[in-house]
Amino acid sequence: MDFNLAKPSAGGIPEIDFRAELNEEQYQAVTAEPGPALVLAGAGSGKTRTLTYRVAYLLSKGVAPGEILLLTFTNKAAREMLHRVEDLTGVPARRFWGGTFHHVGHRILRVHGEPVGFKSGFTILDQSDAESFLGDLVKEKDPTFFKDKTHPRARQLGEVFSMARNTCLPLEESVRRFHPQHEKLTGRMVPLFETYMERKLKQQVADYDDLLEYLLKLLREDPETARHYQERFRHVLVDEYQDTNTLQAGIVDTIGNHHRIMAVGDDAQCIYSWRGANYENIVTFPDRHPGAAVYKIETNYRSTPEILNLANRVLVDQTPASGFHKELRAFRENRTRPYMVQTMDNREQAQFIIKRIEGLASEGYNLNDIAILYRAHYQAMELQMELARLSIPFQITSGVRFFEQAHVRDLVAQLRFAYNPNDLTAFQRTVALLPKIGPKTATRLHDLALQTARERKVPVVEALHSPTVLAKVPKAAADEWPSLMQSLRDIAESCRDGTPSETVRLAVEGWYEDYLRGAYSNFHARQEDLRSLTGFAGRFDDMQDMLAQLVLLNSETSDRSVDPDAEALRLTTVHQAKGLEFPIVFVIGLAENLFPLRRAVEENNLDEERRLFYVSVTRARDELYLCFPTIGRSNGPALSLKPSRFLQDLPNHLYEPLRIQRERIW
DNA sequence: AGTCGAGTTCTTTTT
DNA sequence: GAACTCGACT
């Protein structure tokens with residue numbers, strides 16, 4: 001494909017024979033007339049293909065890359081999509097506006113955020129920062145709130161707020177609907193919510209939801225900005241439309257008020273309702289966009305008929321009247337039925353998989369062809385240990401994430417504070433590295449520094465050196481204080497004058513390096529991580545871009561030990577496997593209380609669990625193994641597990657029970 | 001009052 | 001393993 005890159009893109013799109021490269025269903029959608037279009041694409045039907053060819057088609061009709069807005073859910077999906085467009089058309093990915101809703105929100109708000117209260121220079125709180133921000137605020141405003149054990153903790157309270165915002169409902173209404181167990185608390189939660197919103201603006205920090213909520217607010221309340229983007233993005237394409245929530249659907253509708261929107265989705269794969277996703281957005285799309293053309297793509301090129309029979313059957317058990325009816329039509333030849341594998345416990349499950357992998361390898365499968373899917377991270381523990389023991393390479397897209405490791409977060413906090421001195425959360429994290437400084441002391445010092453800075457009209461990083469502040473630093477921390485503050489001053493200076501990469505290097509080699517050496521025994525490994533951050537920063541010319549990326553990319557996994565191109569087994573949650581496909585798929589832990597999760601059953605979210613199971617089985621191309629242990633040992637007493645109801649619901653002609661031969665050691 | 005260490009409990013999914 | 005609780009120490 002290299003020759004494409006050399007070509008100028010304007011008018012230089014390579015000739016694509018759309019008719020020949022697409023099936024009839026796909027072709028219709030790809031060549032749709034400008035106007036609202038809803039594409040219902042079943043699993044494995046070539047959804048991504050349709051979307052990428054649509055982009056190519058628009059380009060071939062003379063639409064400029066900059067006029068296309070491509071919205072996705074995850075960073076991974078955005079990358080993959082733009083990469084494929086680039087391969088297809090030779091137009092470099094960076095010429096499109098594409099990415100997650102959050103990315104686009106940030107990008108627009110940092111330029112046009114003023115009318116809704118965000119000056120350029122605001123910083124983003126990740127999930128756990130936002131939680132501690134909220135927790136501190138609650139302790140201050142309503143000190144007894146957390147004393148009552150029946151009240152939500154900071155984390156859950158954050159979820160309650162988030163749900164209201166993502167569904168665009170008043171808090172009262174949202175609580176009644178989604179968190180009825182806390183309905184009597186609404187009166188106390190409302191003022192906390194208000195303070196939460198106010199205080200973020202005051203500190204010029206945004207949580208994830210702000211990036212969406214204020215974007216919509218901006219588009220609705222500032223006609224000039226709205227018009228600017230509406231005219232600019234003549235075509236709006238949305239991937240995984242079934243996972244949009246009310247807020248996101250509102251953004252799409254407002255930016256795309258010209259109705260040239262193509263929404264692609266599959267209501268059977270809606271698995272983010274805990275984030276307010278509402279697949280009814282699909283159902284109501286034609287109402288909101290009159291004259292919408294609806295395209296159904298149902299031919300499945302991915303899986304064997306046996307796998308699809310099983311998948312179709314999973315949906316049969318769905319609560320009726322949810323979404324569009326669909327049935328995947330198989331294109332491929334028959335092969336083997338999915339296997340149902342009963343094991344004694346997780347350990348035996350792991351051993352079975354390893355044994356089977358060896359068999360598959362001798363049949364010519366590569367480790368890259370095989371994926372292990374599970375409902376929750378911790379279910380992969382035993383398998384990870386066994387794989388490590390036998391030194392079978394695996395890549396795990398879950399667990400401790402790169403940007404969530406303590407040392408990475410510490411460093412990012414320093415950068416964030418240097419860039420935005422109002423960011424109290426970042427300051428707290430930074431100074432808490434010193435002895436005898438916790439959240440309370442940090443807040444006092446921060447207040448004092450801001451006040452001093454205001455009075456003397458000096459930057460906050462200067463005020464931190466003043467005797468006034470120094471006097472309030474606990475004795476135990478006083479020794480280290482000046483050198484940490486000096487480091488912050490250097491970083492802040494570099495934020496203004498230097499490149500992000502220089503700034504990061506300064507931070508990595510500053511005070512923190514000494515701290516790191518003393519604090520961790522694996523100092524070298526951690527230092528390596530931080531050095532790689534310098535490289536990461538080299539991709540940006542703007543500090544805020546880089547900081548935003550650091551926070552928004554936090555799902556990026558810590559696979560530094562594994563070369564991404566190396567041959568390795570893939571371990572991933574079902575959520576993260578969405579949109580991917582593998583020749584061989586093992587779904588593990590298919591037992592009641594694990595998958596479906598007990599909590600989901602208790603909270604009546606069975607349909608979503610079922611869709612999640614549907615997503616799992618439709619990832620497989622050739623062979624599917626459904627594994628369940630009969631004994632669960634998490635902590636303490638072993639408890640016996642029943643096979644998942646999703647397995648019990650399957651008529652037995654749809655699968656092949658597989659006996660495993662136990663190796664007797666004694 | 002606030003920090004810190006020891007001991008205990010419970011694990012969802014992502015931006 | 002991390003997050004939370006509780007009690008001791010400054």
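Letters go in sequence order (proteins before strands), and every chain restarts at 1.
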query: Distance under 6.0 Å and angle within 45° of the ring axis: does A/Arg526 meet both against A/Tyr520?
result: yes

- prompt: Is A/Pro439 touching bases, backbone alone, or none of the nucleic acid, heavy atoms closer than 4.0 Å?
  reply: sugar-phosphate

query: Which pairs pass salt bridge (Lys or Arg N to Asp or Glu O under 4.0 Å) with one or both residues in residues 236-253 of chain A, sequence neighbours excluded?
result: A/Lys47-A/Asp239, A/Lys47-A/Glu240, A/Glu240-A/Lys578, A/Asp243-A/Lys578, A/Asp253-A/Arg288

- prompt: With sequence neighbours left out, what residues match A/Ala600 under side chain to side chain contact (heavy atoms under 4.5 Å, CB included)?
  reply: A/Leu597, A/Asn605, A/Glu609

task: Side chain of A/Arg375 only, please: which of B/dT15, B/dT12, B/dT14 is the nearest?
output: B/dT12

message: Applying a 4.0 Å non-hydrogen cut-off, can you work out what A/Arg599 is touching in the nucleic acid: base, sugar-phosphate, or nothing?
response: base

task: Please check the phosphate of B/dT14 (OP1 and OP2 only) for any side-chain N or O of A/Thr100 closer than 4.0 Å.
output: no

Detail all sub-3.5 Å separations between protein N/O atoms and N/O atoms belonging to nucleotides 4-7 of chain B.
{"unit_1": "B/dC4", "atom_1": "OP1", "unit_2": "A/Lys436", "atom_2": "N", "d": "2.5"}

Nucleotide B/dT13, atom P - distance to CD of A/Glu240 in whole Å: 19 Å

field: Euclidean distance for C1', C/dC4 against B/dT13 (whole angstrom)
entry: 22 Å

message: Parallel, tilted or perpendicular, judged at 30° and 60°: which one describes the rings of A/Tyr515 and A/Trp511?
response: parallel

field: Whole-Å gap separating C1' (B/dT14) and CG (A/Asn245)
entry: 12 Å

- prompt: Rounding to a whole Å, what distance do you find between A/Ile271:CD1 and B/dT12:P?
  reply: 17 Å

query: Taking only residues two or more places apart in sequence, or in another chain, which ones meet A/Glu603 in a salt bridge (Lys or Arg N to Asp or Glu O under 4.0 Å)?
result: A/Arg599

- request: Check whether any side-chain N or O of A/Arg155 sits under 4.0 Å from OP1 or OP2 of B/dT11, and answer yes or no.
  value: no

task: Please state how far atom CD in A/Glu140 lies from atom P in B/dG2, giving the value in whole angstrom units.
output: 11 Å

- line: When rounded to whole Å, the OH to C1' distance for the pair A/Tyr614 and B/dT13 reads 19 Å

- request: On DNA chain B, check which nucleotide each of A/Thr441 and A/His575 is closest to and give me the residue with the more 5' one.
  value: A/Thr441

task: For A/Asn166 and B/dT14, give me the distance from atom CG to atom P, rounded to whole Å.
output: 16 Å

query: Mind checking the P distance from B/dT12 to C/dT5? Whole angstroms is fine.
result: 16 Å

- prompt: Contact class for A/Phe73 vs. all strands (heavy atom < 4.0 Å): base, sugar-phosphate, or nothing?
  reply: sugar-phosphate

query: How long is the line joining OH of A/Tyr374 and C1' of B/dT11, in whole Å?
result: 15 Å

- prompt: To the side chain of A/Lys440, which of B/dT3, B/dT15, B/dT13 is closest?
  reply: B/dT3

- prompt: Between A/Leu597 and A/Asp209, which is nearer to the 5' end of DNA chain B once each is assigned its nearest nucleotide?
  reply: A/Leu597

- prompt: What about A/Arg275: does its side chain form a donor-acceptor pair under 3.5 Å with the base of B/dT15?
  reply: no

Qualifying residues under side chain to side chain contact (heavy atoms under 4.5 Å, CB included), relative to A/Ala426, sequence neighbours excluded: A/Ala413, A/Arg416, A/Phe417, A/Asp423

message: Is there a side-chain contact between A/His377 and the phosphate of B/dT14, meaning an N or O under 4.0 Å from OP1 or OP2?
response: yes

- line: Between A/Phe122 and the options A/Gln203, A/Arg110, A/Lys200, the side chain to side chain contact (heavy atoms under 4.5 Å, CB included) test singles out A/Arg110

Residue whose closest nucleotide on DNA chain C lies nearer the 5' end, A/Met381 versus A/Glu131: A/Met381

- request: Write down the distance between CZ (A/Arg165) and P (B/dT15), rounded to a whole number of angstrom.
  value: 18 Å

task: Output all residues satisfying side chain to side chain contact (heavy atoms under 4.5 Å, CB included) with A/Lys440, sequence neighbours left out; order by chain, then residue number.
output: none

- request: Could you please name the option among C/dT5, B/dT13, B/dT11 that lies closest to any side-chain atom of A/Trp274?
  value: B/dT13

